[in-house]
Enquirer: 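Handing you this structure, nothing more for now.
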Amino acid sequence: QQSTKTEEIQIMVPNAPAAGVFNLESEFQFRCTVRKGDIRDNPRGGTVTEFKAKISEGLSVTKAKALSFVRREMLSAQLISDDLLYFKKSKGAAQSQFIKLTDENFEEKTRVRWALISSRDVNAWAEADKSVLEGGFFEIFLYIQRRRVDNVPRGLRRATQTRIEAASQQIRGFEEANNTELGPITRHHLSIHQARQPEGSQFTTIPNDNTTRQAQFLDEQRQLVAARREEGGGEANDDTRNRKKIQIEVHGTWVDVFVDIRSLRSALGLPDHDIFNRGIFSEYQHHKTTGQDVEDTDHQTHNNNE
């Protein structure tokens, strides 16, 4: 009667691997890591799935199980190299050393990797009451990119200062035409948003996205802070509030100089509202966002013992 113990198998089969005989009909464990990016860019982390497959069934079955996971759980994914699988040839192999699996080399590469399983690994699994098939696994990798979304506007532009100024005029025109007044934070956000739109786009409606809603909420908080400050005795007039002292060096001597904060903001390309030092963020409560929450698959990591 043939024993299932590794030690007895090694006695029966000369020069057998520490893991025992490589049986093509066995159910081997595969750990597939799906990474976002091109393998040449050395992407890290990834989403992991595990399954079992027989080597005798060929690469097509293993590949089908891996692709089934991607198509079921990662709907926005698009494979970079068709359905190409990469194989980690040893426990310490770097990503640049991964091997492309083919129908021709599938059995050979898995057999070689099986032979590299050490006696230490086998003993560790035995102490955990696991067989080699239960403790060991072959590591394979798929590389994906996000599928292009057809409804994303094409021709989006950089929000340069000139385009922002032109967009600001559109926003002002929208306010006048609709007899409404936007807060400075919302107006600044929408100016940048409109500046990025394709050439010839007109601003006809206020977006209902989360960023715009948060900007509107900040404007509301800004008004509340100003009202409370006014109730508490007010503050110096606008000219005094916007006149601040800075230091500049003139011929090796530091000199105090008063500047108009509004002109300084304009020169630095900053928005024309003081959201940091006038109490908004110190009292800010996050506004509830809209839309369905989705799982973040781009930043998941898994310990692959690399």
Side-chain angles (χ1 to χ4, degrees), residues 1-37 39 42-70 72-74 83-143 297 299-306:
Q1 181 178 357
Q2 184 175 358
S3 173
T4 59
K5 293 183 180 180
T6 302
E7 294 82 356
E8 295 184 11
I9 291 177
Q10 290 176 306
I11 293 175
M12 296 170 57
V13 182
N15 300 322
V21 175
F22 184 68
N23 187 350
L24 301 181
E25 297 298 326
S26 296
E27 290 277 352
F28 293 95
Q29 290 195 101
F30 284 82
R31 175 176 293 173
C32 179
T33 302
V34 184
R35 288 179 171 171
K36 180 182 176 183
I39 187 173
N42 200 33
R44 313 304 297 175
T47 304
V48 177
T49 183
E50 295 182 354
F51 56 84
K52 293 182 178 180
K54 296 179 180 180
I55 304 301
S56 62
E57 295 173 329
L59 178 62
S60 59
V61 173
T62 301
K63 185 182 296 184
K65 292 184 177 182
L67 295 177
S68 174
F69 167 78
V70 173
R72 183 179 66 252
E73 302 294 337
M74 308 176 73
D83 53 358
L84 192 62
L85 280 179
Y86 286 84
F87 185 72
K88 190 173 183 179
K89 62 181 183 179
S90 64
K91 183 185 294 186
Q95 190 164 208
S96 60
Q97 298 173 315
F98 290 177
I99 298 171
K100 297 178 183 179
L101 284 177
T102 65
D103 292 328
E104 291 73 24
N105 70 11
F106 180 55
E107 179 181 335
E108 173 199 353
K109 298 305 178 184
T110 51
R111 183 186 297 275
V112 171
R113 178 65 184 91
W114 178 265
L116 293 178
I117 295 176
S118 66
S119 299
R120 179 180 298 180
D121 290 330
V122 174
N123 294 333
W125 295 328
E127 290 178 1
D129 199 25
K130 291 183 178 181
S131 67
V132 177
L133 290 175
E134 293 171 332
F137 52 83
F138 295 124
E139 290 188 81
I140 56 178
F141 294 80
L142 276 171
Y143 294 86
T297 60
H299 302 90
Q300 292 180 352
T301 59
H302 186 89
N303 183 8
N304 294 322
N305 295 322
E306 293 183 352

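All of these numbers come straight from a predicted model, not from anything done at the bench. Residues: numbered from 1 along the sequence shown.
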Enquirer: Per the salt bridge (Lys or Arg N to Asp or Glu O under 4.0 Å) rule, what does the pair list look like for residues 97-107, sequence neighbours excluded?
Expert: Glu107-Arg111
Enquirer: To the nearest 0.5 angstrom, please state how far the CD1 atom of Ile39 sits from the CZ atom of Phe98.
Expert: 6.5 Å
Enquirer: With sequence neighbours excluded, what pairs up with Lys52 under the side-chain contact (heavy atoms from CB on, under 4.5 Å) test?
Expert: Glu27, Gln29
Enquirer: Using 4.0 Å as the upper bound for N to carboxylate O, is an ion pair formed by Glu139 and Arg31?
Expert: no
Enquirer: With sequence neighbours left out, which residue pairs that include part of residues 125-134 fulfil the salt bridge (Lys or Arg N to Asp or Glu O under 4.0 Å) condition?
Expert: none
Enquirer: Please examine the side chains of Cys32 and Phe69, heavy atoms only from C-beta on, and report whether any two atoms are closer than 4.5 Å.
Expert: no
Enquirer: Checking side chain to side chain contact (heavy atoms under 4.5 Å, CB included) between Thr33 and each of Ile140, Val48, Leu142, Thr49, which is the one that passes?
Expert: Val48
Enquirer: Looking at Ala64, is its backbone amide N or carbonyl O close enough to the side chain of Ser68 to form a donor-acceptor pair, meaning the two atoms are under 3.5 Å apart?
Expert: no
Enquirer: Looking only at heavy atoms, which two atoms of Thr102 and Leu59 are closest? And how far apart?
Expert: C-CD2, 3.4 Å
Enquirer: Holding to side-chain contact (heavy atoms from CB on, under 4.5 Å), I want the full list of residues that pass it with Lys109, two or more places apart in sequence or in another chain.
Expert: Phe87, Ile99, Leu101, Asn105
Enquirer: Counting distance only, does the side-chain N/O of Trp114 pair as donor-acceptor with the main-chain N or O of Gly20 below 3.5 Å?
Expert: yes
Enquirer: Which pair of heavy atoms, one from Ala18 and one from Ser119, lies closest together, and at what distance?
Expert: CB-OG, 3.6 Å
Enquirer: For residues Leu133 and Phe28, determine if any side-chain heavy atom of one lies less than 4.5 Å from a side-chain heavy atom of the other.
Expert: yes
Enquirer: Can you list every salt bridge (Lys or Arg N to Asp or Glu O under 4.0 Å) pair that touches residues 115-124, not counting sequence neighbours?
Expert: Lys91-Asp121
Enquirer: How far does CZ of Phe106 sit from NZ of Lys63, to the nearest 0.5 angstrom?
Expert: 10.0 Å
Enquirer: Taking side-chain contact (heavy atoms from CB on, under 4.5 Å) as the definition, give me every residue that meets it alongside Leu116, ordered by chain and number, with sequence neighbours left out.
Expert: Ser90, Arg113
Enquirer: Taking ring-ring contact (aromatic ring centres under 6.0 Å, His included) as the test, write out the residues that go with Phe30, two or more places apart.
Expert: Phe51, Phe138
Enquirer: Please give me the minimum heavy-atom distance between Ala93 and Lys89, naming the atom from each residue.
Expert: CB-CG, 4.1 Å
Enquirer: First locate atom OG1 of Thr62, then atom NZ of Lys54, and finally report the distance between them rounded to the nearest 0.5 Å.
Expert: 12.0 Å
Enquirer: Restricting to side-chain hydrogen bond (donor to acceptor under 3.5 Å, both in side chains), what partner residues turn up for Ser56, sequence neighbours left out?
Expert: Glu25
